[in-house]
Enquirer: 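Okay, here's the structure, questions in a sec.
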Amino acid sequence: MWCSVVFLVLISITIGATKNIVCYYDSRAANYVSATFPKNISSTSCTHYVYDGVGVTAQGDIRILSNYDTASGFDEFQNIRRTKNVKLYVLLSSDRDGGKNLTNAIAGRSEKLVNSVAIFLEQYNFDGVEIDRRNIDFDKSALARFVNRLRSRLYMINKQLSVSVSAQFADAYDITSLSLYADMINLHAYNFTTNTANTVANLAPLFSSTPNNVISVNSTVTSWLAAGARRNKVNLVVATFGRTYVLASEDQRAVGARSTGPGEAGFNTKRPGLIARYEFCNIAGEYNSASDSVTATTYYFKGKSWIGIETEDTLVQKFTYVLDSSLGGVAIFTLDLDDTSNACGNGAYRVSDLAYQYFGSE
């Protein structure tokens, strides 16, 4: 079985204190043929839920990305709070919105954006906002000043602040300032190369394969902590989706082999280079696999199709790493790309379920 767990004994670990389990929901999923709505994710056991569906204008105004969000998405999302004690955040700005508008607003309309965020959070009853800065097209000093101002404004209305950051570009951030003013730093430690790279790459190697290949989850976390990030504020973000490639040659498929581009889109998500967990489980039996104990990764191949995706084994190793490193917790990106329909046979929303077994309270 593709999703078999090697380290079952570790699941019985008793955790003394609850850690963060931050779970993202992308409102694009409401428009898929097989849709996922906020009500579908309410059975998961996360401590924080982040709604991805809001952008900004360069003038510092909030921009709703789809009619669904205001018609029913926000209201359905709020219903999660009525069944459990959780915090609800909104992500600003989504990768659907791009990062340029946010960069311009922070640089030139910072005060306007601060007020727009505060008004939006109160209007739609969110507990906090997450500033998405996973691209590097911004001035890190301007971002630090903005986060400082926003923190002060949100404190006045009892709202929280989180920041999404890329694992690829530690030098792009004023890490000390972000650690001081943000309530959480969600470190997206995957996709160390782009989907259009001309070589295939592991989705999220836990450790480096060679001394010269230093980019990994461990090397990135180590860099952030060394630069001043507070351990209890850093959440390690794991991906529920896989990355897909087209190999240049069927006979050369090891990590680093030449690729001609991203693989074909999934049957439901329809995004080239990306495959949801449930989409992969529907075809997993057609693929062979290869695992590497050094990097704690597994990839799958069939003909010229190549897929890198987390297994339960590699997820368990990352969750154990979070515990051993005394980090704040984990984040799941995203719930709607997890196994929403139990296609893998181990229960729906298996990634968040595994996270709860490691980090949830008794």
Side-chain angles (χ1 to χ4, degrees), residues 1-12 21-26 28-30 32-46 49 190-191 202-206 236-245 263-271 273-293 295-302 305-320 322 330-360:
M1 171 68 72
W2 166 67
C3 291
S4 62
V5 181
V6 172
F7 301 106
L8 284 174
V9 65
L10 294 176
I11 295 181
S12 63
I21 305 175
V22 182
C23 294
Y24 293 84
Y25 168 74
D26 187 339
R28 273 179 293 192
Y32 294 155
V33 173
S34 296
T36 301
F37 300 102
K39 64 182 180 181
N40 301 128
I41 67 173
S42 62
S43 61
T44 58
S45 300
C46 307
Y49 290 85
Y190 54 85
N191 280 4
N202 284 318
L203 178 70
L206 181 55
L236 181 67
V237 186
V238 298
T240 57
F241 60 87
R243 291 181 64 193
T244 66
Y245 300 84
E264 65 180 72
F267 65 84
N268 195 44
T269 54
K270 301 188 185 306
R271 295 156 67 180
L274 178 146
I275 189 168
R277 201 169 191 82
Y278 60 85
E279 291 174 323
F280 177 69
C281 282
N282 279 322
I283 61 173
E286 305 170 11
Y287 281 71
N288 295 309
S289 65
S291 299
D292 177 40
S293 60
T295 57
T297 57
T298 298
Y299 67 83
Y300 297 81
F301 57 92
K302 182 189 73 169
S305 177
W306 197 99
I307 301 174
I309 193 169
E310 299 278 17
T311 66
E312 289 197 11
D313 187 9
T314 61
L315 286 167
V316 162
Q317 292 180 71
K318 287 184 172 67
F319 294 163
T320 303
V322 168
V330 296
I332 313 298
F333 193 86
T334 60
L335 287 176
D336 49 275
L337 295 177
D338 195 359
D339 184 10
T340 58
S341 56
N342 193 24
C344 304
N346 289 309
Y349 302 102
R350 182 59 173 162
V351 178
S352 63
D353 180 57
L354 272 177
Y356 183 74
Q357 292 182 50
Y358 275 79
F359 308 113

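Just so you know, residue 1 is the first one in the sequence shown, and it goes up from there.
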Enquirer: Could you walk me through whether N40 and T340 pass side-chain contact (heavy atoms from CB on, under 4.5 Å), step by step?
Expert: CA-CA 8 Å; N40 301 128; T340 58; over 6 Å; no

Enquirer: List the steps and the verdict of side-chain contact (heavy atoms from CB on, under 4.5 Å) for F267 and Y278.
Expert: CA-CA 10 Å; F267 65 84; Y278 60 85; 4.3 Å; yes

Enquirer: At what distance, to the nearest 0.5 angstrom, does OG1 of T244 lie from CD of E264?
Expert: 8.0 Å

Enquirer: For D338 and V351, work out which heavy atoms get closest and say how close.
Expert: OD2-N, 3.0 Å

Enquirer: What's the separation between atom OG in S352 and atom CD in Q357, rounded to the nearest 0.5 Å?
Expert: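 The CD atom of Q357 is 10.0 Å from OG of S352, to the nearest 0.5 Å.
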
Enquirer: Which heavy-atom pair separates E310 from A204 by the least distance, and what is that distance?
Expert: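 Minimum heavy-atom separation between E310 and A204: OE2-CB, 3.8 Å.
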
Enquirer: Determine the minimum heavy-atom distance between R271 and A265, stating which atoms define it.
Expert: N-CB, 3.2 Å

Enquirer: What closest approach, in Å, do I21 and S45 show between heavy atoms, and which atom pair accounts for it?
Expert: CD1-O, 3.8 Å

Enquirer: For a quick test of reading the model, state the closest non-hydrogen atom pair linking A296 to T314 and the distance between them.
Expert: O-CG2, 3.2 Å

Enquirer: Between W306 and Y299, what is the ring plane arrangement, given parallel below 30°, perpendicular above 60°, and tilted in between?
Expert: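 Taking Y299 first and then W306, their aromatic rings lie parallel (interplane angle under 30°).
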
Enquirer: Under the 3.5 angstrom rule, does the side chain of T240 hit a backbone N or O of T334 as a donor-acceptor pair?
Expert: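 Here the side-chain-to-backbone pair exists.
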
Enquirer: Between OH of Y25 and CZ of F37, what distance do you get to the nearest 0.5 Å?
Expert: 7.0 Å

Enquirer: In this structure, which one of V238, L337, T44 forms a side-chain contact (heavy atoms from CB on, under 4.5 Å) with I332?
Expert: V238

Enquirer: Taking the six-membered ring where the residue is Trp, are the ring centres of Y190 and F241 under 6.0 Å apart?
Expert: yes

Enquirer: If you compare all heavy atoms of N342 against all heavy atoms of G347, which two are closest, and at what distance to 0.1 Å?
Expert: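 Heavy atoms of N342 and G347 come nearest at OD1-N, 2.6 Å.
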
Enquirer: Among D292, D313, L206, L203, which residue meets the side-chain contact (heavy atoms from CB on, under 4.5 Å) test with T297?
Expert: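 Exactly one pass, corresponding to D292.
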
Enquirer: If we only count heavy atoms from C-beta on, is the Y245 to R243 side-chain gap below 4.5 Å?
Expert: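 When only atoms from C-beta onward are counted, R243 and Y245 do touch, with a gap below 4.5 Å.
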
Enquirer: Report yes if the side chains of R277 and I309 come closer than 4.5 Å at any heavy-atom pair, otherwise no.
Expert: yes

Enquirer: Please determine whether side-chain contact (heavy atoms from CB on, under 4.5 Å) holds for the pair T311 and Y300, giving the CA-CA distance in whole Å, both sets of side-chain angles, and the decisive distance to 0.1 Å.
Expert: CA-CA 11 Å; T311 66; Y300 297 81; 3.3 Å; yes

Enquirer: In Å and rounded to the nearest 0.5 Å, what is the OG to CG distance from S34 to D336?
Expert: 13.0 Å

Enquirer: If you measure from OH on Y49 to OG on S42, what distance do you get to the nearest 0.5 Å?
Expert: 7.5 Å

Enquirer: Decide side-chain contact (heavy atoms from CB on, under 4.5 Å) for T36 and I41; before the verdict, give the C-alpha distance in whole Å, the side-chain angles of both, and the deciding distance to 0.1 Å.
Expert: CA-CA 8 Å; T36 301; I41 67 173; 4.1 Å; yes

Enquirer: Nearest 0.5 Å, please: how far is SG in C46 from CG in L335?
Expert: 5.0 Å

